[in-house]
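Here is the structure we will look at.
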Amino acid sequence: MATHPPTPIDPLLVVILGPTASGKSALAVVLAERFFGEIISCDSVAVYRHFEIGTAKPSHEDRGRVPHHLIDVAEPGEAFTAGEYARQARVALGEIAGRGHLPVVVGGTGLYLRALLEGLFPGPQRSDELRERLRARAGERDSGYLHRVLLRLDPEAASKIHANDQAKLIRAIEVCMAARAPMSELWQERGRDPLGGFRILRIGLNPPREKLYNRINLRAARMFEDGLVAETQVLLQRFGDARAVTPMHSLGYQQAQQYLRGELKIAQAVTAAQQGHRNYAKRQMTWFRREPDVAWLEGFGDDASIEDQAAAMVASELHASSSV
């Protein structure tokens with residue numbers, strides 16, 4: 001009797017997510033070493049060259065231990081969108097799987113991760129000229145101006161975007177004006193382009209809040225001790241107007257600039273950076289809690305017990321695929 005050949009099973013993709021300072025990168029390196037993996041960074045600041053101290057990029061030692069992708073791939077003046085990240089990361093995923101290695105995506109930028117795994121709405125290209133015009137008008141009018149504009153163009157989209165979320169409001173207005181149609185209608189017509197061809201194992205890190213905040217405070221203070229202010233000064237001299245340099249708006253660099261302008265004393269800048277990173281960690285957890293099918297581990301990624309639990313999950317998934 002003829003038998004059907006076994007159904008091919010998609011290769012495994014491991015995703016490590018969680019708040020800043022939770023040990024995601026350390027866990028990624030451990031898993032990549034154990035399972036012949038390569039790491040794809042999912043960080044909207046680490047993509048930029050020349051920014052080092054304030055980005056918490058993996059050390060050169062760790063990058064030497066296992067291959068890393070999507071780090072130092074853009075110049076500071078470039079707009080590196082979530083869509084561009086998804087495009088490059090998907091190429092890297094295909095290449096890693098083609099080598100028979102395990103892709104490990106790690107990072108804390110939720111929008112980048114969503115773009116990679118679920119795809120983004122394929123709307124019109126961004127228009128920097130229109131965006132600048134909208135920002136200028138918003139600065140001249142009251143805080144609800146952009147929301148009122150979107151309300152006229154697309155009431156449904158306006159009902160889903162907070163009146164203070166300038167970035168999303170501007171993008172929605174931009175889409176409506178470029179497409180000459182409400183963004184909500186285009187969304188229904190075109191939808192998204194989710195990632196296919198992989199089985200996804202999502203591992204989330206959820207360390208105790210007080211311990212996480214202590215780590216965040218220590219990391220932020222260490223950035224200043226390691227020369228964040230001096231690095232920021234060099235970057236300002238090299239690239240000029242900070243408003244046109246995307247990573248200059250990130251945490252740490254913002255506060256270093258405030259110190260350099262004389263708006264904060266150094267201790268105040270450190271405290272402000274610490275608070276900013278703690279607030280960011282809260283927002284990250286709110287975002288990641290909406291991710292489907294996450295296996296949450298209650299600890300830091302560099303804890304031996306967490307490393308073992310995560311490795312057991314990966315081994316189980318790989319064994320299941322090899323036994324099919």
Q: Say whether V73 and L113 are linked into one hydrophobic cluster, either directly or through other cluster members, by side-chain heavy-atom distances under 4.5 angstrom.
A: yes
Determine all donor-acceptor pairs shorter than 3.5 Å in which one atom belongs to a side chain in residues 266-274; sequence neighbours excluded.
unit_1: Q268; atom_1: OE1; unit_2: K265; atom_2: N; d: 2.8
unit_1: T271; atom_1: OG1; unit_2: A267; atom_2: O; d: 3.0
unit_1: Q274; atom_1: NE2; unit_2: N217; atom_2: O; d: 2.9

Q: Not counting sequence neighbours, which residues clear salt bridge (charged side-chain N to carboxylate O under 4.0 Å, His left out) with R135? List them please.
A: E132
Q. Counting N and O atoms only, with roles assigned by atom type, does the side chain of T109 sit under 3.5 Å from a partner on the main chain of S44, one being a donor and the other an acceptor?
A. yes
Q: Verify the ring-centre separation between H101 and F35: is it less than 6.0 angstrom?
A: no
Q | Inter-residue atom distance R65.CZ - I39.CD1, 0.5 Å rounding | A | 9.0 Å
Q) Taking all atoms of both residues into account, what is the closest heavy-atom pair of G107 and F288, and its distance? A) O-CZ, 4.1 Å
**Q.** Exercise: identify the closest heavy-atom pair between P67 and G37
**A.** CD-O, 4.1 Å
Q: Kindly check if the number of other-residue, nucleotide or ligand heavy atoms within 6.0 Å of CZ (R290) is above 12?
A: yes
**Q.** Sidechain N-carboxylate O distance under 4.0 Å for R34, D308
**A.** yes
Q. Between A138 and Q166, which heavy-atom pair has the shortest distance, and what is it?
A. CB-NE2, 4.0 Å
Q: Flag yes if L111 and V294 sit in one hydrophobic cluster, no otherwise; membership is Ile, Leu, Val, Met, Phe, Trp, Tyr, and two members link when side-chain heavy atoms are under 4.5 Å apart.
A: yes
**Q.** ILVMFWY network linking V30 to V104, side-chain heavy atoms under 4.5 angstrom
**A.** no
Q) Got a second to check how far F239's CZ is from H50's NE2, nearest 0.5 Å? A) 4.0 Å
Q: Could you pull out the closest heavy-atom pair between M285 and L205, with the gap in Å?
A: SD-O, 4.2 Å
Report, one line per pair, each donor and acceptor closer than 3.5 Å where one atom sits in a side chain of residues 219-229; sequence neighbours left out.
unit_1: R219; atom_1: NH1; unit_2: T20; atom_2: OG1; d: 3.2

Q. So which heavy atom on Y280 is nearest to which on G108, and how close?
A. OH-O, 3.4 Å
Q) If you measure from CG on L70 to CG on D43, what distance do you get to the nearest 0.5 Å? A) 10.5 Å
**Q.** For N279, side-chain contact (heavy atoms from CB on, under 4.5 Å) partners two or more places apart
**A.** Q275, K282, R283
**Q.** Interatomic spacing from CG in D303 to CG in L27 - rounded to 0.5 Å
**A.** 10.0 Å
Q: Answer yes or no: is there a side-chain heavy-atom contact under 4.5 Å between Q88 and H69?
A: no
Q.
The criterion is salt bridge (charged side-chain N to carboxylate O under 4.0 Å, His left out); which residues satisfy it with D72, sequence neighbours excluded?
A. K57, R63
**Q.** Pairing residues for F51 by the ring-ring contact (aromatic ring centres under 6.0 Å, His included) criterion, not counting sequence neighbours
**A.** Y253
Q) Can you list every pair that meets salt bridge (charged side-chain N to carboxylate O under 4.0 Å, His left out) and has a residue in residues 139-155, with sequence neighbours left out? A) D142-R148
Q: Could you tell me which residues satisfy ring-ring contact (aromatic ring centres under 6.0 Å, His included) with Y112, sequence neighbours excluded, listed by chain and number?
A: Y85
Q) So, do L195 and L93 sit near enough that their side-chain heavy atoms are less than 4.5 Å apart? A) yes
Q. Which atoms form the tightest heavy-atom contact between G276 and L251, and what is the distance?
A. O-CD1, 3.4 Å
Q.
What verdict does the side chain to side chain contact (heavy atoms under 4.5 Å, CB included) test give for L12 and F198, after you've listed the backbone C-alpha separation in whole Å, the side-chain angles of each residue and the deciding distance to 0.1 Å?
A. CA-CA 6 Å; L12 181 65; F198 289 90; over 6 Å; no
Q) Ignoring hydrogens and geometry, is there a side-chain-to-backbone donor-acceptor pair from Q258 to L264 under 3.5 Å? A) no
Q: Would you mind reporting whether P292 and R202 have side-chain heavy atoms less than 4.5 Å apart?
A: yes
**Q.** Backbone of D10 reached by a side-chain donor or acceptor of R199 within 3.5 Å
**A.** yes
Q: Report the residues that fulfil salt bridge (charged side-chain N to carboxylate O under 4.0 Å, His left out) with E118, sequence neighbours left out, ordered by chain and then residue number.
A: R192
Q: Indicate yes or no for a side-chain donor-acceptor contact from S250 to the backbone of P247 under 3.5 Å, with no hydrogens or angles considered.
A: yes
(Q) What I'd like to find out is whether the side chain of L117 reaches to under 4.5 Å of the side chain of L13, using heavy atoms alone. (A) yes
(Q) Are M313 and I306 connected into the same hydrophobic cluster when the rule is that any two of I, L, V, M, F, W, Y join if their side-chain heavy atoms are below 4.5 Å apart? (A) yes
Q | Separation between OG of S22 and CG of L297, rounded to the nearest 0.5 Å | A | 10.5 Å
Q) Are T246 and F80 side-chain neighbours, meaning at least one heavy-atom pair lies under 4.5 Å? A) no
Q: Taking the side chain as every heavy atom from C-beta outward, state whether L201 and V314 have any atom pair closer than 4.5 Å.
A: yes
Q: Could you walk me through whether E38 and E95 pass side chain to side chain contact (heavy atoms under 4.5 Å, CB included), step by step?
A: CA-CA 10 Å; E38 299 185 32; E95 292 173 348; over 6 Å; no
Q) Counting N and O atoms only, with roles assigned by atom type, does the side chain of H147 sit under 3.5 Å from a partner on the main chain of A158, one being a donor and the other an acceptor? A) yes
Q) For H249, what residues pass the ring-ring contact (aromatic ring centres under 6.0 Å, His included) criterion, not counting sequence neighbours? A) none
Q | Set of residues satisfying salt bridge (charged side-chain N to carboxylate O under 4.0 Å, His left out) with respect to R289, sequence neighbours excluded | A | none
Q) Between L260 and T232, does a side chain to side chain contact (heavy atoms under 4.5 Å, CB included) hold up when you go through it step by step? A) CA-CA 9 Å; L260 290 169; T232 302; 4.0 Å; yes
Q) Can you tell if the side chain of L17 reaches within under 4.5 Å of the side chain of W296, non-hydrogen atoms only? A) yes
(Q) Taking atom OH as the centre, does Y259 end up with more than 12 heavy-atom neighbours from other residues, nucleotides or ligands that are less than 6.0 angstrom away? (A) no
Q. Out of curiosity, T81 OG1 to R87 CZ, how far, rounded to the nearest 0.5 Å?
A. 9.5 Å
Q: Find out if a path of hydrophobic residues (ILVMFWY) with successive side-chain heavy-atom gaps under 4.5 Å connects I200 to L116.
A: yes
Q.
Does any part of the side chain of K160, heavy atoms only, come nearer than 4.5 Å to the side chain of E156, both counted from C-beta?
A. yes
(Q) Side-chain heavy atoms under 4.5 Å apart, restricted to Ile/Leu/Val/Met/Phe/Trp/Tyr: what other residues fall into the cluster of L130, or is it alone? (A) L134, Y145, L146, V149, L150, L153, I161, L169, I170, I173, M177
Q. Given V14 and V105, is the side chain to side chain contact (heavy atoms under 4.5 Å, CB included) satisfied, shown in steps?
A. CA-CA 6 Å; V14 176; V105 173; over 6 Å; no
